[in-house]
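A quick write-up on the structure given underneath.
Naming: A, B, ... by sequence-line order, numbering from 1 per chain.
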Number of protein chains: 2
Amino acid sequence: MAVTIKDVAKLANVAPSTVSRVIANSPRISEKTKQKVRKAMDKLGYHPNFIARSLASQSTQAIGLIMPSSTDVVFQNPFFPTVLRGISEGAHEKHYALHMTTGKTDEEIYNGVVQMVQGGRVDGVVLLYSKIEDKVLSFLQDGDYPFTVIGKPFRDVEEITHVDNDNFRAAKEATDYLIELGHTHIAFVGGDLNLVVTVERLLGYEKALRAADIELDNDYVIHEEFLKEGGQEAVRELLSLEKPPTALVVADDLMALGVLNTLDEMGISVPDDISIISFNNVLLSEMSRPPLTSVDINIFDLGYQAAKSLIQMVEDPKEPTKRIIIPHQIIKRHSCSVTAR
Amino acid sequence: MAVTIKDVAKLANVAPSTVSRVIANSPRISEKTKQKVRKAMDKLGYHPNFIARSLASQSTQAIGLIMPSSTDVVFQNPFFPTVLRGISEGAHEKHYALHMTTGKTDEEIYNGVVQMVQGGRVDGVVLLYSKIEDKVLSFLQDGDYPFTVIGKPFRDVEEITHVDNDNFRAAKEATDYLIELGHTHIAFVGGDLNLVVTVERLLGYEKALRAADIELDNDYVIHEEFLKEGGQEAVRELLSLEKPPTALVVADDLMALGVLNTLDEMGISVPDDISIISFNNVLLSEMSRPPLTSVDINIFDLGYQAAKSLIQMVEDPKEPTKRIIIPHQIIKRHSCSVTAR
DNA sequence: TTGTAGGCGTTATCAA
DNA sequence: TTGATAACGCCTACAA
């Protein structure tokens, strides 16, 4: 069995409690004993046992990550490695470890969360997605357990600490940009409507059109499960409308990549025949042909701030709920041009 | 404070140990008391505390994941979400949770691993990458702590349980395929030479050439940090050789995507002017233009088997070390054609 | 089949 | 400044 605090105590000729205090670097221990104890720890190769510590102190120094369904396409999105990096860095700075749950079905995920939370494995949790009517979220709220969500909560926005972009405004600006370029026939290609981010971006798009006195056209709004044949179909239909759009607002870079391919197959050129602006500014967006004009949403910061604010909450339960808005910025590349018509 | 085993015991009018046995579903408890206890648990909304259980049973039911440096480009590779899915599923089946360490520098990662392992946070660990001269690996070996590596260990291959593809053979087959198509000027575009997988694939490439009596040419082997300007440079140089290659073996889909772009910028057509075959068969490979011919390495299985075999090891310490080879398969798409010359 | 009691490795409260 | 000692919540001989 591994070396424990007692072994150290014995070797250093002090009480276990003293060793404990040395570990915590308590100021009420003489420098001399600290030295002595530290030497003993080194000699024995002692490492404190987190589990025991957690039990005694009722805190795990770990935060839980709740991912979307692993079978879901969004799971494949480069968004995740990047938020993960941000969360990881935020947690690391405060010496918190990371615990994860994933699952195939919503049921699996839910159970995983319940276990993790009730089982006391973590001190708090960050929800890496925000969808409407989420059982997991309700559970977290009911147990008033410390948690943050990345994205905008479907409801109780004021009561839930979250880190988000202003996706409504971002989408409006993206659409405005196309309008400025002279486009009036602008379509919206969105993803899963259960994700709050999708609806926010859709609303922003609509707002921009209305503000510019451009009529909304239902045929101009599609939601594709990108990569699926259905997605290609949708794009094809869009382009075969009587009055096909000259520009597309696409809710996600990865989707934009799919659209780009469909367009290419159809012999339609971007940006000559049609302009595209998308969101997230993921690595891929600069690797596509043409490189995508995309709204950078600072994914890393989203994660970083989520971790930071969660840790604040667990360390100070009186911490007020807050909403952190991460800035966005249009990165202009080569998928948009002045309208041809 | 949360409801504990004692509360349940009291309500059910039994001893705590009985409750404990009910949780473990011990066969030596009468069905009647089980019912009684279970009812009490439900009524109180009891959930066992993992931390306490871990301390008492000296097992955490959690496995640790060691990721490569988060600043590293490989971290962005779609490879990771996919292995993660596999690991997650393997762990889930056996009711294990997932714990993670990441870090920016090798030092950070190393410390994270030491803490996680020595601190007893996890029962075992899976190393998600394999590079040469890895301190982390040595540490794990020295402490003979249960662990599996995904990929081929740099050394002690016989003593380390790992899950890998036969990357040597895969690369040979990929190259053979190009040779069959009539190519004789075949270059290799590899990634980080510190990753074992890169060297394996390089060796397989060389083997194929030698077997076909094609002379090896140093100028035909480049290693690019894809996405970096340097990468583009390298490809440009390759193509401006006196005798430029007519086909490329690219060590990774994401890199191939970068190459594809550079080629496109140069006005070189794939597969008409040059053929490309790459590895991993990640989602992106079918989304590129042209869709990439790629060697599918069954990433999901890599993760799944790694988790399974690790859990076997932690549950039965006498389990022999083993090497699990996941099959691969060339997925032919449209980036390769018969040589033009 | 069930209960009692000690222990898992720490932290934290009280004394000293 | 340090040492006993009682938690923390559960598991597991050993007894009954």
Item to complete: Please name the pair of heavy atoms, one in A/I63 and one in A/A307, separated by the smallest distance, quoted to 0.1 Å.
Response: CD1-CB, 4.5 Å
Worksheet item: Below 4.0 angstrom from OP1 or OP2 of D/dC11, is there any side-chain N or O of B/R53?
Response: yes
Item to complete: Compare every heavy atom of B/L44 with every heavy atom of B/V3, then report the nearest pair and how far apart it is.
Response: CG1-O, 3.5 Å
Worksheet item: Just how far, in rounded Å, is P of D/dT12 from CZ of B/R21?
Response: 10 Å
Item to complete: Could you check how far CG of A/D7 sits from P of C/dT10, rounded to whole Å?
Response: 9 Å
Worksheet entry | Minimum heavy-atom distance between A/E31 and A/R38, given as atom pair plus value | OE2-NH1, 4.3 Å
Practice prompt. Take atom CZ of A/F50 and atom C1' of D/dC8, then tell me their distance rounded to the nearest Å.
Written response: 17 Å
Discussion item. Please confirm whether the shortest side-chain N or O distance from A/T18 to OP1 or OP2 of D/dG3 is below 4.0 Å.
Written reply: yes
Discussion item. In this structure, how many angstroms lie between the P atom of D/dT2 and the CZ atom of A/R28, rounded?
Written reply: 10 Å
Worksheet, complete the sentence: Separation of D/dC10 atom P from A/R121 atom CZ, nearest Å, is 14 Å
Item to complete: Report yes if a donor N or O on one partner sits less than 3.5 Å from an acceptor N or O on the other, where the partners are the side chain of B/S17 and the base of C/dT4; otherwise report no.
Response: yes
Discussion item. Salt bridge (charged side-chain N to carboxylate O under 4.0 Å, His left out) for A/E89 and A/K308? Distances and angles first, verdict last.
Written reply: CA-CA 9 Å; A/E89 190 152 332; A/K308 295 288 261 192; over 6 Å; no
Item to complete: Please figure out whether A/N13 or B/V19 has its closest DNA chain D nucleotide nearer the 5' end.
Response: A/N13
Practice prompt. Give B/S20 one of three labels, base, sugar-phosphate or nothing, depending on what nucleic acid heavy atoms sit under 4.0 Å from its own.
Written response: base
Discussion item. With a 4.0 Å limit, can you tell me whether B/Q58 has a side-chain N or O closer than that to the phosphate oxygens OP1/OP2 of D/dC10?
Written reply: no
Fill in: Between P of D/dA7 and CD1 of A/I5, the distance in whole Å
19 Å
Worksheet item: Can you find a side chain N or O atom of B/T33 that sits less than 4.0 Å from OP1 or OP2 on C/dT2?
Response: yes
Discussion item. Students often get this wrong, so: under 4.0 angstrom with heavy atoms, is A/Y46 touching a base, only sugar-phosphate, or nothing?
Written reply: sugar-phosphate
Practice prompt. Provide, to the nearest angstrom, the distance between the CG atom belonging to B/N49 and the C1' atom belonging to C/dG9.
Written response: 15 Å
Discussion item. Just to be sure I understand the rule, does B/P48 reach a base, reach only the sugar-phosphate, or reach nothing, if contact means heavy atoms closer than 4.0 Å?
Written reply: sugar-phosphate
Item to complete: Would you kindly compare B/A56 and B/I29 by the position of their nearest DNA chain C nucleotide and give the one closer to the 5′ end?
Response: B/I29
Practice prompt. To the nearest Å, give me how far apart NZ (B/K6) and P (D/dC8) are.
Written response: 6 Å
Worksheet item: Taking all atoms of both residues into account, what is the closest heavy-atom pair of B/T321 and B/E159, and its distance?
Response: CG2-O, 3.4 Å
Discussion item. Taking the nucleotide of DNA chain C with the nearest heavy atom to each, does B/S57 or B/A15 sit closer to the 5' end?
Written reply: B/A15
Discussion item. Regarding B/V14, tell me which of base, sugar-phosphate or nothing describes its non-hydrogen contacts under 4.0 Å with the strands shown.
Written reply: sugar-phosphate
